[in-house]
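Each remark here refers to the structure printed beneath this line.
All values below were derived from every heavy atom in this structure, side-chain atoms included, with hydrogens, water molecules and symmetry-related copies excluded. Here is how names work: the chains are called A, B, and so on, in the same order as the sequence lines, proteins then strands, and each is numbered from 1.
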Amino acid sequence: MLRLDVNFFDYLILGIYFALVVAIGVMARRAIATSEDFLLSGRSLPAWVTGLAFISANLGAIEILGMAANGAQYGMSTLHFYWVGAVPAMVFLGIVMMPFYYGSKVRSVPEFLLRRFNPATHLFNAVSFAVAAVLTAGVNLYALALVINALIGWPIWLSIVISAVFVLVYITLGGLSGAIYNEVLQFFVIVAGLVPLVVIGLHDVGGYSGLKEKVTHTALGPNSFSTWGGTNVGHWTNPLGDWIGIVMGLGFVLSFGYWTTNFAEVQRALSAKDLSAAQRTPLIGSFPKIFIPALTIIPGLIALVLIPKLGQTKDLTYNDAIPLLMNRFLPNGTLGVALAGLLAAFMAGMAANVSSFNTVFTYDIWQTYVVKGRRDRYYLKVGRVITVVGIVIGIFTAFIASGYSNIMNYIQLLFSYFNAPLFATFIIAMFWKRTTPWAGLAGLVAGTLGAGVMHFAGYHIAYFYPGGAFDPAHTTINAQMLNFYGAIVAFVADVVVTVAVTLVTKPKPESELRGLVWGIKNPDAPDPAKAPKPAWWASPKILGATSLGIVVVLSVIFA
Amino acid sequence: MSDKTNPPNGETKSAAARLFDIRVLIGALFTLYGIMLVVAGFFTSDAQRKKASDININLWLGIGMLVLGLLFLLWWRVNPLKLAAPDEDDDTEPSHD
């Protein structure tokens with residue numbers, strides 16, 4: 001088992017970091033007087049803060065270890081998760097969708113569905129999101145405990161409890177501001193921790209050209225550095241399947257769905273101080289996102305070259321790529337910084353889920369359906385209590401995950417069915433004012449079922465197996481590709497059913513749709529001409545176009 | 001400090017304007033880490049240096065973090081935080097000295 005050579009100096013660096021994490025929570029507490037202060041940072045934060053938090057909220061265990069693992073397993077095609085998936089979705093969120101979210105003053109993504117559709121649609125989305133968020137928090141907690149256990153040797157249960165206590169302290173005290181400020185700090189520490197790994201690693205394998213040449217001689221082969229090679233429809237050989245699955249499934253459906261409707265992300269933008277800052281949140285976040293693959297995929301490939309048998313045995317899984325490199329390269333000191341970054345990232349992954357869970361529970365479930373019409377102070381208290389409850393559920397989830405890791409995989413799979421159709425429903429809701437309240441619920445349910453059915457049916461379709469060679473044991477199936485196609489089916493099912501139900505049911509009067517649908521202005525919204533304008537270079541359109549431009553250029557270079 | 005959190009209508013007012021500036025903490029932490037790593041860089045043993053492919057990574061990372069930390073502190077000094085206070089004066093006025 002891998003055990004890092006941590007000394008006093010590393011522990012000192014870790015200790016300073018964790019003290020600061022708690023200090024941020026304590027110091028953010030004085031800025032909390034209302035439930036909106038606690039759950040939405042009082043809508044007061046500048047765009048660069050929310051923009052970095054937007055990225056960090058996603059930069060948890062699954063992202064860092066998982067994308068390095070994907071890099072080692074699939075090669076450069078993993079870039080599609082960033083340049084086809086995440087970045088265009090962030091630009092779309094900032095420029096097209098944020099005016100509806102922020103302009104309508106909703107406090108959460110489910111609340112948008114309540115105002116646009118009806119309580120049934122709202123409850124379906126609020127409950128599935130709340131349950132998914134709190135379980136995901138538990139999975140992140142478990143991943144964190146695994147790393148602490150592997151790297152510094154504390155027992156799993158102790159790691160779970162201690163990490164949970166840190167998160168508990170800083171978000172119960174500091175609320176969303178505590179979470180967001182820690183995410184911003186964590187962003188810089190994780191970058192500081194991963195850059196040395198990339199620099200030393202590349203130096204060791206003979207630079208980028210050396211890496212390319214050496215990876216070509218591994219099992220991944222010459223296609224490992226080609227992102228679009230082998231993506232022909234009909235006879236794909238790319239590890240992520242054909243281009244329809246990549247562009248439509250991964251890009252248009254899954255990534256747009258995640259980045260534009262997942263409240264853990266959108267919440268960061270809603271906490272910004274004005275509409276312009278809210279729009280710039282995902283746009284500013286998209287710039288670091290373009291370059292994060294250098295810190296995840298490259299270490300994955302370096303590990304593939306330097307560590308024999310990576311991914312071949314039970315003790316050396318692809319997920320270990322980054323910890324293995326840390327162990328091999330980093331001297332004490334730098335090791336402490338990298339460890340602090342890694343642990344901080346995993347805590348942030350948990351905190352982001354808990355801080356979005358408590359908001360949806362307080363506003364969308366408790367205040368909307370259970371105890372209505374009380375004073376704000378009451379809901380602030382509810383928010384605090386439910387934060388503690390969420391963390392306790394997270395701890396239990398982590399303990400269950402430590403006993404039955406397969407159960408967690410199934411639960412994650414189940415929630416992916418709920419996520420797949422969301423983008424279809426939102427995009428129709430925002431651009432077709434005729435869409436009726438019941439069409440919202442019917443579309444979401446149909447899409448969820450579609451994703452589930454496709455997932456099971458896909459195992460019997462030879463096309464999803466490499467070379468079209470059906471494997472009765474289902475072991476060689478391209479699970480990523482099937483996942484992408486499942487998303488496409490969910491999207492189509494959602495659109496078809498939403499349109500069909502709309503045509504036979506009664507739409508909402510326009511007066512109830514103000515500010516929620518394209519073309520129906522909200523007369524109460526603050527006049528955009530009066531809002532302070534950012535500098536010309538920071539206008540949302542320029543930022544979005546620049547971000548997309550960089551991605552196009554890089555995509556051509558790395559094609 | 002709680003004088004203006006309870007206006008007469010009974011509803012609590014946002015205290016978001018009292019939020020501190022994260023740039024101070026990022027700047028302070030990176031400056032401190034930077035100094036610690038630079039110092040450690042001068043005492044890193046040959047074995048540890050060899051481990052890092054013959055790069056004195058403690059020194060270089062230390063310099064990098066120190067520079068970033070000082071830049072954050074500079075940014076904070078030059079352009080202090082103005083959080084959007086809903087109305088009336090807030091207590092985050094930058095101190096002019």
- Select one option (side chain, backbone, both, neither) describing which atoms of A:V195 are under 4.5 Å from chain B's heavy atoms.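 A:V195 has no heavy atom closer than 4.5 Å to chain B.
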
- Query: Checking heavy atoms, do the side chain of A:D37, its backbone, both or neither come under 4.5 Å from chain B?
  - Reply: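 When you check distances to chain B, only side chain atoms of A:D37 fall under 4.5 Å.
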
- Query: Taking side chain as C-beta onward, heavy atoms only, is A:W48 less than 4.5 Å from B:I22?
  - Reply: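 A side-chain contact under 4.5 Å exists here.
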
- Query: Do A:H203 side-chain atoms and B:I55 backbone N/O form a donor-acceptor pair below 3.5 Å?
  - Reply: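 Not a single qualifying donor-acceptor pair exists.
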
How long is the straight-line distance from [atom2] of [Y] back to [atom1] of [X], given to the nearest 0.5 Å?
| X | Y | atom1 | atom2 | answer |
| --- | --- | --- | --- | --- |
| B:L32 | A:I16 | CG | CD1 | 4.5 Å |
| B:I57 | A:I200 | CD1 | CD1 | 4.0 Å |
| B:N58 | A:T334 | CG | OG1 | 3.5 Å |

How far apart are the closest heavy atoms of [X] and [Y], and which atoms are they?
| X | Y | result |
| --- | --- | --- |
| B:K51 | A:R328 | CG-O, 3.1 Å |
| B:Y33 | A:I13 | OH-O, 2.7 Å |
| A:F188 | B:L68 | CD2-CD2, 3.9 Å |
| A:A192 | B:L61 | O-CD1, 3.4 Å |
| A:G333 | B:L37 | C-CD2, 3.5 Å |

Pick one of side chain, backbone, both or neither for [X], based on which atoms fall under 4.5 Å of a heavy atom in chain A.
| X | answer |
| --- | --- |
| B:F43 | neither |
| B:M36 | both |
| B:I26 | both |

- Whether over 12 other heavy atoms sit under 6.0 Å from A:R107 CZ: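 Enclosed: over 12 neighbouring heavy atoms sit under 6.0 Å from CZ of A:R107.
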
- Item | Ring centres under 6.0 angstrom apart (A:Y181, B:F20) |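 Centroid distance A:Y181-B:F20: below 6.0 Å, so yes.
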
- Task: Flag the one option from A:I24, A:I32, A:V184, A:V49 with the top tally of heavy-atom pairs under 4.5 Å to chain B.
- Result: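 It is A:I24.
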
